[in-house]
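Okay, structure first, notes after.
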Amino acid sequence: MAEIADVWFDPSCPYTWITSRWLVEAARVRPVEPRWHLLSLAALNEGRDDDPENDPEGYLWLPARVCAAVAGEGGQEALGRFYTAFGARVHERGETEPHTVSGALAEAGLPEELAAAALDARYDDAVRASTAEGLARVGPHVGTPVVAVGERAFFGPVLSRIPRGEEAGRLWDGTLLVAGTPGFHELKGPPHAAPDPS
């Protein structure tokens with residue numbers, strides 16, 4: 001029986017994309033099933049005086065709103081399909097608008113009209129609510145991704161490359177071991193390298 005791993009992600013974050021693909025890899029060699037949720041950096045940083053994501057135009061809201069619309073229309077499974085299609089286009093192939101969202105929706109088998117959600121601020125409350133749900137699992141001091149498996153919840157791991165096969169499985173085992181240790185709070189490695197989604 002597979003364990004459910006609830007994953008809160010920002011669709012625009014390249015490091016989150018790498019972590020999400022690690023989870024997909026781990027699910028091939030371990031009994032784990034990722035379940036997808038939105039954790040928007042735009043919502044997380046809303047109202048701050050600084051701009052930690054360097055997003056003065058508010059671009060990060062656009063794919064987050066589409067994710068909220070997809071989740072509302074088709075649920076977590078549809079959100080996972082859209083994120084996979086969108087992430088591969090953006091983080092692996094370097095695509096940019098105008099066709100990235102509509103192409104990802106088509107690839108995921110979702111209605112093209114959901115692309116209009118990108119410019120519809122009525123989805124912002126859903127984006128904020130999903131972000132708050134993810135942060136409630138670990139506290140407001142983190143970013144994306146957040147992963148929760150039962151009562152164990154953690155930020156990250158932040159990875160620069162995608163572990164494959166048994167390496168992905170071993171990282172999954174170790175992450176669960178550390179996250180399940182009473183009193184565990186934080187673990188960091190050396191400074192990060194540029195993301196390599198290959």
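The figures that follow rest on heavy atoms only: side chains count, while hydrogens, waters and symmetry mates do not. Positions are given from 1, in the same order as the sequence printed here.
A salt bridge does not link Arg65 with Asp120: none of the charged nitrogens is closer than 4.0 Å to a carboxylate oxygen. Under the 4.0 Å criterion applied to side-chain N and carboxylate O atoms, Arg89 and Glu107 are assigned as salt-bridge partners.
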Check the pair Arg170 / Asp173 against salt bridge (Lys or Arg N to Asp or Glu O under 4.0 Å), numbers first and verdict last.
CA-CA 5 Å; Arg170 286 192 308 271; Asp173 298 339; over 6 Å; no

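Note that the CZ atom of Phe86 and the OG atom of Ser102 stand 11.0 Å from one another [nearest 0.5 Å]. Here the OH atom belonging to Tyr59 is positioned 5.0 Å from the OG atom belonging to Ser12, to the nearest 0.5 angstrom. Note that CG of Leu44 is 14.5 Å distant from CH2 of Trp8, once rounded to the nearest 0.5 Å.
Residue pairs meeting the ring pair (Phe, Tyr, Trp, His ring centres under 6.0 Å) criterion with at least one partner in residues 131-156, sequence neighbours excluded, are His141-His185.
Atom CD of Glu166 has more than 12 heavy atoms from other residues, nucleotides or ligands within 6.0 Å.
Relative orientation of the Trp17 and Tyr83 rings is perpendicular, given thresholds of 30° and 60° on the angle between their planes.
Pro163 and Leu171 get closest at one heavy-atom pair: CG-CD2, 3.9 Å.
A search for side chain to side chain contact (heavy atoms under 4.5 Å, CB included) contacts involving Ile4 returns Asp6, Glu33, Arg35, not counting sequence neighbours. In this view, Glu73 and Pro111, Leu114 satisfy the side chain to side chain contact (heavy atoms under 4.5 Å, CB included) rule, not counting sequence neighbours.
Remark: side-chain polar atoms of His91 are not paired, donor with acceptor, to backbone N or O of Pro195 under 3.5 angstrom.
A ring-centre distance under 6.0 Å is not found for Tyr123 and Trp61.
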